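Naming convention: chains lettered A, B, ... in sequence-line order (proteins, then strands); numbering from 1 in each chain. As the structure is a computational prediction, the values presented were derived from the model and not from experiment.
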Amino acid sequence: MLQINYIKQNPALVKERLAIRNFARIELVDELIAADEALRLLKSNVENLQASVNLASREIGVFMLNGEKHKADAKKQEVSKWKEELTYTKATLQMLEENFSTKLLLLPNLPHISVPAGKTPGDNEVILEGGSKPQLFEGAKPHWELIKDYKLVDFEIGAKLAGSGFALFRGRGAKLQRALIQYFLDYNTQGGYVEFMPPLLVNENTAYGTGQLPDKEGQMYHITGDNLYLIPTGEVPVTNIYSNEIVPESDLPVKMTAYTPCFRREAGSFGSDVRGLNRLHQFEKVEIIQLVKAVGSYAVLEEMVNHVERLLQFLELPYRILRLCGGDMGFTSALTYDFEVYSAAQQKWLEVSSVSNFETFQTNRMKIRTKNEEGKTELLHSLNGSSLALPRIMAALLENNQTAEGIHLPKALHNYFGAAMLEK
RNA sequence: GGAGAGUUGUCCGAGUGGUUGAAGGAGCACGCCUGGAAAGUGUGUAUAUGGGAAACUGUAUCGAGGGUUCGAAUCCCUCACUCUCCGCCA
């Protein structure tokens, strides 16, 4: 959620930034500024009325103590006249406030100055490529065939148990996944991130905090019986750990990591994008999250990008880093770098991580603050990234490292998996 | 799931309708005392938001949200959470 004071002070800039996203309802900016003025005026009316009532009530209290009942009764008469007005004005105020905050929730975050204009993923900027694409032998297969040949993942049974888009990992497939999770968590904690295991279901309030509601209502699984949502990413419960907290400066930066399954309805997806492990309703992910002071948060973003990049290097996968354009960026983000790995048999880049700075967009909703040198509270910046999403990493590992004898694993995984390769 | 007891400031804890944003204590900060420290002693010590250059001041907040009342931490309703007992259970 954007801060209204910032919008009021920089209306032109806000509109210009929103245009980078191709945001359709720019007029909301002016509407919000006008609504805020009206709101303030009405609020001070209410407060003045309330002040009069409070004062009179105190006087009545004194009269009662002194036994001057007639004076008290006279005062009561006086107050009851104000009360009617107060009730009415309060109701109006509440209406205006609801209207105001509904509108404010519609505004996405302002893109950082470095975000390129653009509408589609084709407009994203490729920042760098790393690693080298493998030369596959004749007869190399895409991962959805490899997982059958090696009996790693079974989609038929997954579909039988839950539905299409659900996978059953088995045997070495399950172990490889577990090895990756373990490796990622160890790598992250060595980087100073504290590990968490959060609830996988969250309430409405928590889903609002990180911005999944109201923007992505239809993309989350909703348990109506208890009004809980299955988390679409570990970001949701973990960032909310600090909601409504004033974090002591000595605790900053807060660095957290968590492995969680992620649940996404992904309604409306189709085509080869959803083949095999490319897109699932439930997938495993290890997330990193930081809460930092506003000053220097972009240096922290770079640090997180480097952290993820090194992990991909340890996995010996060909990768590239993209800076997302305004049109492709998430609702809550100010700047997002996507990581993609090259899946050699599909000859396709697969997104495996998305590292973003949300500035104060999330922390404003969650009221995550710290005290600055002057003793004033200020909002922190929140950042997060995948480190890493599992299924597509597994897809790339299988495809890129296949040989006639079996699938070789990168050195970093040998101990975790207990073997250097998957034999035929 | 059933029954009961709770939720007050950084912490402990008092407070069942009237200058209560909240007694008392602890902690913390500053001062006095001391050669220095402890002890002692004095003063101060919530958050958000509006106004104001500031001093200061309005409003809201005693788990959350509603209600009764001129006035609610205190009375009523709904919900959440914690604890104890019973039931169920990995």
Can you tell me the base-pairing partner of [N]? Count Watson-Crick or G-U wobble geometry only, both distances below 3.5 Å, and say none if there is no partner.
{"N": "B:rG87", "result": "none"}
{"N": "B:rU78", "result": "B:rA64"}
{"N": "B:rA72", "result": "none"}
{"N": "B:rG50", "result": "B:rU57"}
{"N": "B:rC30", "result": "B:rG42"}
{"N": "B:rA14", "result": "none"}
{"N": "B:rA22", "result": "none"}

Write down the distance separating the [atom1] atoms in [N] and [M], rounded off to the nearest Å.
{"N": "B:rG67", "M": "B:rA73", "atom1": "P", "value": "15 Å"}
{"N": "B:rU74", "M": "B:rU8", "atom1": "P", "value": "14 Å"}
{"N": "B:rC83", "M": "B:rU78", "atom1": "P", "value": "23 Å"}
{"N": "B:rC77", "M": "B:rA72", "atom1": "C1'", "value": "15 Å"}
{"N": "B:rU7", "M": "B:rC12", "atom1": "P", "value": "12 Å"}
{"N": "B:rG51", "M": "B:rA38", "atom1": "P", "value": "44 Å"}
{"N": "B:rA37", "M": "B:rC32", "atom1": "C1'", "value": "15 Å"}
{"N": "B:rU43", "M": "B:rC33", "atom1": "C1'", "value": "15 Å"}

Close side-chain approach of A:Y183 and A:L315, heavy atoms under 4.5 Å: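 In short, these two side chains touch, coming nearer than 4.5 Å.
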A:M394 and A:F169, any side-chain heavy atoms less than 4.5 Å apart: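 They are in side-chain contact.
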Whole angstrom value for the distance that separates [atom2] of [N] from [atom1] of [X]:
{"X": "A:K367", "N": "B:rU47", "atom1": "NZ", "atom2": "P", "value": "17 Å"}
{"X": "A:I246", "N": "B:rU49", "atom1": "CD1", "atom2": "C1'", "value": "13 Å"}
{"X": "A:I60", "N": "B:rG71", "atom1": "CD1", "atom2": "P", "value": "8 Å"}
{"X": "A:E245", "N": "B:rU10", "atom1": "CD", "atom2": "P", "value": "11 Å"}
{"X": "A:E378", "N": "B:rU47", "atom1": "CD", "atom2": "P", "value": "15 Å"}
{"X": "A:Q3", "N": "B:rU49", "atom1": "CD", "atom2": "C1'", "value": "14 Å"}
{"X": "A:R58", "N": "B:rG58", "atom1": "CZ", "atom2": "P", "value": "8 Å"}
{"X": "A:L228", "N": "B:rA80", "atom1": "CG", "atom2": "P", "value": "11 Å"}

Salt bridge present between A:E249 and A:K371 (N-O < 4.0 angstrom):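 Answer for the salt bridge query: no.
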Check whether any side-chain nitrogen or oxygen of [X] sits under 4.0 Å from OP1 or OP2 of [N], and answer yes or no.
{"X": "A:K43", "N": "B:rG51", "answer": "no"}
{"X": "A:K83", "N": "B:rU69", "answer": "no"}
{"X": "A:S57", "N": "B:rU69", "answer": "no"}
{"X": "A:Q50", "N": "B:rA60", "answer": "yes"}
{"X": "A:N54", "N": "B:rU59", "answer": "yes"}

Between A:Y298 and A:H381, ring centroids under 6.0 Å: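 No, too far apart.
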5'-most by nearest nucleotide on RNA chain B - A:K76 or A:Q94: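 The residue closer to the strand's 5' end, by nearest nucleotide, is A:Q94.
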Which residue lies more 5' along RNA chain B, comparing A:V62 with A:K371 via nearest heavy atoms: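 With A:V62 and A:K371 compared, the 5'-side residue is A:V62.
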Criterion ring pair (Phe, Tyr, Trp, His ring centres under 6.0 Å) on A:F63 and A:H70, from CA distance to verdict: CA-CA 9 Å; A:F63 289 144; A:H70 52 289; 8.4 Å; no
Smallest separation among heavy atoms of A:A56 and A:W82, with atom names: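 Of all heavy-atom pairs spanning A:A56 and A:W82, the closest is CB-CZ3, 4.0 Å.
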Proximal nucleotide (of B:rC70, B:rA48, B:rG58) relative to the A:T377 side chain: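 The listed nucleotide nearest to A:T377's side chain is B:rA48.
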Candidates B:rG18, B:rG51, B:rU47 - which lies nearest the side chain of A:R40: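 Looking only at heavy atoms from C-beta outward on A:R40, the closest nucleotide is B:rG51.
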Test item: side-chain donor near acceptor, A:N227 and A:E204, under 3.5 Å: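 Present: a donor and an acceptor within the cut-off.
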Under 3.5 Å side-chain donor-acceptor pair for A:N109 and A:S333: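 There is no such pair between these side chains.
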Sugar-phosphate only, base, or nothing, as touched by A:A56 at under 4.0 Å among non-hydrogen atoms: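 Nothing, no nucleic acid heavy atom in range.
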B:rG58 base / A:E47 side chain donor-acceptor hit below 3.5 Å: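 Donor-acceptor pair under 3.5 Å: yes.
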